[in-house]
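Below is one structure, written out as structure tokens, with a few remarks after it.
Numbering of residues begins at 1 and proceeds along the displayed sequence.
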Amino acid sequence: VQLVESGGDLVQAGGSLRLSCAASGFTFDDYAIGWFRQAPGKEREVVSCVSSSDRVTYYADSVKGRFTISSDNAKNTVYLQMKSLKPEDTAVYYCAAGVCHFTDYHRPDQSEFGAWGQGTQVTVSS
């Protein structure tokens, strides 16, 4: 099982980036893919995920309306389109395969995701 992130870069505030997560070694359709990020000195947090069954998507409140998750099953790849980037979006972004389960009161559980990628750095300058 392997997940490889790419697309991280240095960008000015207000700019855009598209991250990619290429998956291999497992049946892509059987698992949700999630995007997470960890800023220096902070805990890793869930950014977005897309469920494997019904393709329902989750977004953290901090990125709603700015980030869009999508998947290309033919390429076994999940994308995270990021727009209107802010300095506080600066972090290492990771993707992982697992279960994207959430409710109105509970965000997806990171412990339900495994097979993490190595991460890609996103830096947003002010």
Side-chain angles (χ1 to χ4, degrees):
V1 177
Q2 188 175 25
L3 295 169
V4 179
E5 304 94 336
S6 62
D9 206 345
L10 170 63
V11 64
Q12 288 188 333
S16 299
L17 281 176
R18 189 179 78 161
L19 305 183
S20 299
C21 173
S24 61
F26 63 98
T27 303
F28 186 73
D29 290 349
D30 287 348
Y31 293 91
I33 299 294
W35 282 100
F36 306 80
R37 68 186 181 186
Q38 187 166 21
K42 295 187 177 181
E43 294 185 353
R44 188 174 61 198
E45 62 177 353
V46 60
V47 174
S48 179
C49 60
V50 53
S51 66
S52 58
S53 56
D54 51 12
R55 314 316 292 177
V56 172
T57 56
Y58 166 86
Y59 296 97
D61 288 344
S62 59
V63 306
K64 278 182 181 176
R66 300 188 299 121
F67 290 11
T68 303
I69 191 169
S70 62
S71 60
D72 184 338
N73 286 17
K75 296 183 178 180
N76 284 6
T77 300
V78 173
Y79 304 99
L80 186 68
Q81 179 68 53
M82 307 186 295
K83 299 180 179 179
S84 303
L85 283 162
K86 305 175 182 180
E88 51 264 44
D89 294 318
T90 295
V92 178
Y93 283 71
Y94 302 89
C95 65
V99 179
C100 180
H101 179 257
F102 60 94
T103 69
D104 289 344
Y105 306 102
H106 295 93
R107 66 191 70 179
D109 188 341
Q110 293 190 44
S111 67
E112 295 191 287
F113 286 84
W116 293 79
Q118 83 289 349
T120 186
Q121 176 71 46
V122 172
T123 303
V124 184
S125 63
S126 58

Separation between [atom1] of [X] and [atom2] of [Y], rounded to the nearest 0.5 Å:
{"X": "Trp35", "Y": "Leu80", "atom1": "CH2", "atom2": "CG", "value": "6.0 Å"}
{"X": "Cys49", "Y": "Tyr58", "atom1": "SG", "atom2": "OH", "value": "7.5 Å"}
{"X": "Ser6", "Y": "Arg18", "atom1": "OG", "atom2": "CZ", "value": "9.0 Å"}
{"X": "Arg37", "Y": "Gln121", "atom1": "CZ", "atom2": "CD", "value": "12.0 Å"}
{"X": "Glu45", "Y": "Gln38", "atom1": "CD", "atom2": "CD", "value": "9.5 Å"}
{"X": "Cys100", "Y": "Arg107", "atom1": "SG", "atom2": "CZ", "value": "13.0 Å"}

Side chains of [X] and [Y] in contact at under 4.5 Å (non-hydrogen atoms):
{"X": "Thr68", "Y": "Tyr59", "answer": "yes"}
{"X": "Leu19", "Y": "Thr120", "answer": "yes"}
{"X": "Tyr94", "Y": "Leu3", "answer": "no"}

For a quick test of reading the model, state the closest non-hydrogen atom pair linking [X] to [Y] and the distance between them.
{"X": "Gly117", "Y": "Glu5", "answer": "CA-OE2, 3.2 Å"}
{"X": "Ser71", "Y": "Asn73", "answer": "OG-OD1, 3.6 Å"}
{"X": "Val122", "Y": "Gly8", "answer": "CG2-CA, 4.1 Å"}
{"X": "Arg66", "Y": "Asp89", "answer": "NH1-OD2, 2.7 Å"}
{"X": "Ala39", "Y": "Ala91", "answer": "N-CB, 3.8 Å"}
{"X": "Leu85", "Y": "Leu17", "answer": "CD1-N, 3.9 Å"}

| request: Step through the shown structure and confirm whether more than 12 heavy atoms of other residues, nucleotides or ligands are within 6.0 Å of CZ on Arg44. | output: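 Yes, CZ of Arg44 has more than 12 neighbouring heavy atoms, counting only those of other groups under 6.0 Å.
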Query - Side-chain H-bond candidate by donor/acceptor type, Thr27 with Asp29, under 3.5 Å - result: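 Their side chains do not contain a donor-acceptor pair, so the 3.5 Å distance test is not met.
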Worksheet item: Only one of Ser51, Ser48, Cys21 forms a side-chain contact (heavy atoms from CB on, under 4.5 Å) with Ile33, so which one is it?
Response: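 Of all the options given, the one that passes is Cys21.
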>> Test side chain to side chain contact (heavy atoms under 4.5 Å, CB included) on Met82 and Ser16; report intermediate values, then the result.
In response: CA-CA 5 Å; Met82 307 186 295; Ser16 299; over 6 Å; no
According to a hydrophobic-cluster definition based on side-chain heavy atoms being under 4.5 Å apart (Ile, Leu, Val, Met, Phe, Trp, Tyr only), do [X] and [Y] belong together?
{"X": "Val46", "Y": "Trp116", "value": "yes"}
{"X": "Tyr79", "Y": "Val47", "value": "no"}
{"X": "Tyr93", "Y": "Val4", "value": "no"}

Using the ring centroid of each side chain, check whether Phe26 and Tyr31 are separated by less than 6.0 Å.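 Yes, the ring centres sit under 6.0 Å apart.
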Item to check | Test log, rule side chain to side chain contact (heavy atoms under 4.5 Å, CB included), inputs Ile69 and Val78 | outcome: CA-CA 7 Å; Ile69 191 169; Val78 173; 3.7 Å; yes
Run the salt-bridge test on Lys64 and Asp61 with the 4.0 Å N-O cut-off and return the result as yes or no.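 Answer for the salt bridge query: yes.
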Say whether, by atom type as modelled, one donor and one acceptor occur between the side chain of [X] and the main chain of [Y] under 3.5 angstrom.
{"X": "Thr90", "Y": "Val124", "value": "yes"}
{"X": "Thr77", "Y": "Lys75", "value": "yes"}
{"X": "Asp72", "Y": "Ala74", "value": "yes"}

Parallel, tilted or perpendicular: rings of Phe113 and Phe36 (30°, 60°)
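Ring orientation, 0 to 90° scale: perpendicular.
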